[in-house]
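Chain letters run A, B, ... following the sequence lines, proteins first, then strands; residues in each count from 1. None of the values given here were measured: they were computed from a predicted structure.
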There are 2 protein chains.
Amino acid sequence: MLERPKRADARRNHDRILAAAQVAVARDGADASLEEIARQAGVGSATLHRHFPSRLALLEAVFLDRVETLCSQARELAADPDPGAALVTWLRAIGAYAANVRGLAASLLRSACELDHAERSVTCHGKVSDAGEELLSRARQAGAVRPDVSVGDLLTLVNALSLATERHPDPCAETDRLLLLALEGIGP
Amino acid sequence: MLERPKRADARRNHDRILAAAQVAVARDGADASLEEIARQAGVGSATLHRHFPSRLALLEAVFLDRVETLCSQARELAADPDPGAALVTWLRAIGAYAANVRGLAASLLRSACELDHAERSVTCHGKVSDAGEELLSRARQAGAVRPDVSVGDLLTLVNALSLATERHPDPCAETDRLLLLALEGIGP
DNA sequence: GGATAAGTGGGGTGGCACCCCATTTTGGTC
DNA sequence: GACCAAAATGGGGTGCCACCCCACTTATCC
């Protein structure tokens, strides 16, 4: 578990790659070209692959700060007097993020499935899951949510909708509309 | 609008490509290699690209018979005495298909967004949409469904969930579970 | 059976992910 | 400031892919 300090140039390249990746992912989504990112960052493609051994690893890093924001928002909402509404607010916030930031949804979904349990807690999905746990248990205690619903279910739902509406003219509005529909059910 | 009859060898190649594509998509999902499909079909890649100008066109063709099955199922269910239950049954059937046939969900979703209105009615999405319209309107009249829900909304929901659970150990069960959750809402 | 239009596929282009290894850069040490 | 071992780099290689061009083959109709 010893973390040797990285060399200065390594850290500099790491940051450059991350900055370029942020731009590229915002423009092209999660399947942006890694070569292009390396080119924009002014590094060789081998360097990119050394710093981020997989596409998923790079995406996780790109979305880390956004995810932190969502987590801190969850902690604030945990104090809300209406736990049911707080949960819905938070899920809509995730939907808004994911719909705006093309690729975040795919990243969250895949990291949920392709990693084993030990790694999961340090990934985007794991962080968001942990943050939502308290919001959900409060909402459940308040009787606003069925007891058989898990945080994972809700996140899958939000991410699925963001992913599905990625090509819609107004992904954000569409995600939000369908999310509310799914949370309330289709009955009158 | 004159359709010249195709040459016999052209039709033969068309069918071979389709058969190979069915196998490949079942194994690798919607992003199967087109070159590989051409190779298995015993034709040059140019021939594949001439018969199916885009990946989506090929996928649409691959899924056509499955989609026809779903459409006829919708027509049968339209006679069901409980329109609400019939609609749910049909949506679950779509979920089961889409979860089993990797790539169908993505195909349906994309064809919904990337084509203009004139083309849409001949695509998989268009066919399924049309078939669901009567089921939905009956369910609505029976008061089982909110009036602001469209067939497109429901299909997007099902497809989104199939797509999101594609990497799950048991995609079919997971899709079904989440679909029922979304249809009923998260409240108790 | 021969004209002709339809159809074919080998091979080219350009792009991609990912990897190897000779070379450069860094940070600590004297 | 010079030196050296370890860390880091990136040019270039491999093998894959989608997609396209055009000289050639083949079916069809008379």
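Without hydrogens or angle criteria, B:Asp82 side chain to B:Ala85 main chain gives a donor-acceptor distance under 3.5 Å. A donor-acceptor pair under 3.5 Å is formed between the side chain of B:Asp153 and the backbone N or O of B:Ser150. At distances below 3.5 Å, not a single donor-acceptor pair connects side-chain atoms of B:Thr165 with backbone N or O atoms of B:His168.
Comparing B:His49 and A:Val43, the nucleotide of DNA chain D nearest to each residue sits closer to the 5' end for A:Val43. In this structure, B:Ser45 and B:His14 both approach DNA chain C, and ranking their closest nucleotides by distance from the 5' end singles out B:His14.
Atoms CD1 (B:Ile17) and P (C:dG7) sit 13 Å apart, rounded to a whole Å. Rounded to whole angstrom, the span from the CD atom of A:Glu35 across to the C1' atom of D:dC17 amounts to 14 Å. Between the P atom of D:dT9 and the CG atom of A:Asp15 lies a distance of 12 Å, rounded to the nearest Å. Here the P atom of nucleotide C:dG15 and the CZ atom of A:Arg39 are 8 Å apart, to the nearest Å. Following rounding to the nearest Å, A:Asp31 (CG) and D:dC17 (P) show an atom-to-atom distance of 17 Å. Nucleotide C:dT26 holds its P atom 14 Å from the CZ atom of A:Arg11, rounded to whole Å. When rounded to the nearest whole Å, the span between CG of A:Leu48 and P of D:dG11 equals 14 Å. If you measure from atom CG of A:Leu58 to atom P of C:dC16, you get 15 Å, rounded to the nearest angstrom.
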What does the list of N/O pairs under 3.5 Å between the protein and nucleotides 27-30 of chain D look like, with a distance for each?
residue: D:dT28; atom: OP1; partner: B:Ala8; partner atom: N; Å: 3.2

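Of the side-chain N and O atoms in B:Arg55, one or more sit less than 4.0 angstrom from OP1 or OP2 of D:dA18. An OP1 or OP2 oxygen of D:dA8 is reached within less than 4.0 angstrom by no side-chain nitrogen or oxygen of A:Arg50. Using a 4.0 Å cut-off, some side-chain N or O of B:Ser33 falls inside it from OP1 or OP2 of D:dA18. Contact annotation: A:His51 reaches the phosphate of D:dT9 (side-chain N/O to OP1 or OP2, under 4.0 Å).
The CG atom of A:Leu48 sits 9.5 Å away from atom CZ of A:Arg55, with the distance rounded to the nearest 0.5 Å. To the nearest 0.5 Å, atoms OG1 (B:Thr69) and CZ (B:Phe63) are separated by 13.0 Å.
The side-chain heavy atoms of A:Arg140 and A:Arg146, taken from C-beta on, include no pair separated by under 4.5 Å. In this structure the side chain of A:Leu155 reaches within 4.5 angstrom of the side chain of A:Ser129, judged on heavy atoms.
Here the side chain of A:Leu34 is nearest to one of C:dA17, C:dG9, D:dA18, namely C:dA17. The side chain of A:Ala46 lies closest to D:dG10 when the candidates are D:dA18, C:dC18, D:dG10. In the set D:dG11, C:dT8, D:dC17, C:dT8 carries the atom at the smallest distance from any side-chain atom of B:Asn13.
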